[in-house]
Amino acid sequence: MAVIDVDADGVVAFTQALVRIPSTNDPARGRNERPAAELVEAKMREWGWAPVVYEAAPGRPNVVAVVEGGGGDGPTLMFEGHTDVVTEGDLSTWTVDPFGGEIRDGRLWGRGSADMKSGLAATLYATRALQLAGPFPGRIKVCALADEEGLMIGAHHFVSAGLTADVDGAIVAEPEAGEICATAKGALRLRVDLTGKMAHGAMPQHGRNPIQAVGALLVALAALQAELQERHPAHEHLGEVYITPTVLRAGSEEQVNVIPAVASLFVDVRTIPGAEHKDIADRVAALAAFDGISAEVSVLVDRPPVDVPVSDPVVAALAAAHRAVTGEEPVYGGVPGSTDGTVLTHWGGIPSVVYGPGGKWIAHQADEFVEVAEIVRCTRVFAEAARRFLSGDF
Ligand SMILES: [Zn+2]
């Protein structure tokens, strides 16, 4: 069976149109993802779909369309993309207009070209291509969610609204350089507040210095990282567990003669399957216990690692599609950070796999780009993956 024909010019032009919308979350400049979501909604309506818009937060829409195959009973596949992008940052580091959507040298340039407006466009055009190719079993839920780059309120809202309940598998269109990523690293961000006793720098014996406790804690955290790395050997796609102190706050430059009462340390923990976040947070709390110091550990972000087996239907269908469209064996990889797929799998209980056009490392950088040919190729893979997943042909 020949692979499904897709509208190559259409998907590229739609990616350009999305990139030209500066959908950064930047209230000060009056910007968020809403205009990009509206463009997605309009395209869905143009095709006769019936998208539903959910407000994940005021003015922060999730756009969801269910496309019935009309070919009898079958599973539900979810395609997921996010409409927000990170800030363009310092314009002087760009050699192209970050929101120009320019195509040059076979590349489509701009903020979000890779992460992930091309992937989002590919999910829409793949679904449209499959629909035009004739009836198929089951249905496809095409989802353009808000705020992936922030607190993932779009994905969390999607799950709490019960929209994962009927989904059998999700393909998340983040840029992974053509790798099939069924695993993703976990992220645990902790804040440790150590409260001692303020005192004059000349009379430290009357105080309890939390800065010295932070020093001891940093040493202990390095030992904990070594212990965890020993206990959880490097994952083939995700590498090591890391405990990285990222922010340290204590005292005041204007008060060099004062021992401060409080010191705060922020820690970014990156985990692999098997490393339990609750255990790690408990260990950090135990290490933060010092005489004369009261310690409080707060969990700021808790996104567990994702580990979907490659034998899962959604991964197997995607791998078969990749093989059929590209003629190449799929390369399996891991997502270094977390994605909306983390939320869908951990809280929504559905298997997810991440795959999409664009390089893994180009996201969030200046002069972000995606190869035009990769957008079209990925659209073909998505259409074929959907057909195979829904008809059980993998
Ligand atoms: Zn992304």
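Both ligands and their constituent atoms are indexed starting at 1 by order of listing.
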Next on the checklist: Under 2.8 Å from the Zn ion (ligand 1), can any N, O or S atom of D115 be found?
Outcome noted: yes
Item to check | the Zn ion (ligand 1) reached by E149 (N, O or S, under 2.8 Å) | outcome: no
Checklist entry - Can you name the one residue among F394, Y355, Y332 that meets ring-ring contact (aromatic ring centres under 6.0 Å, His included) with H322? => result Y355
Item to check | With T271, the side-chain hydrogen bond (donor to acceptor under 3.5 Å, both in side chains) member among K185, H277, R303 | outcome: H277
Checklist entry - Quick one: do E227 and R283 make a salt bridge, cutoff under 4.0 Å? => result yes
Item to check | Side chains of S264 and D193, donor plus acceptor under 3.5 Å | outcome: yes
Next on the checklist: Nearest N/O/S atom of E174 with respect to the Zn ion (ligand 1), by atom name, please.
Outcome noted: OE1
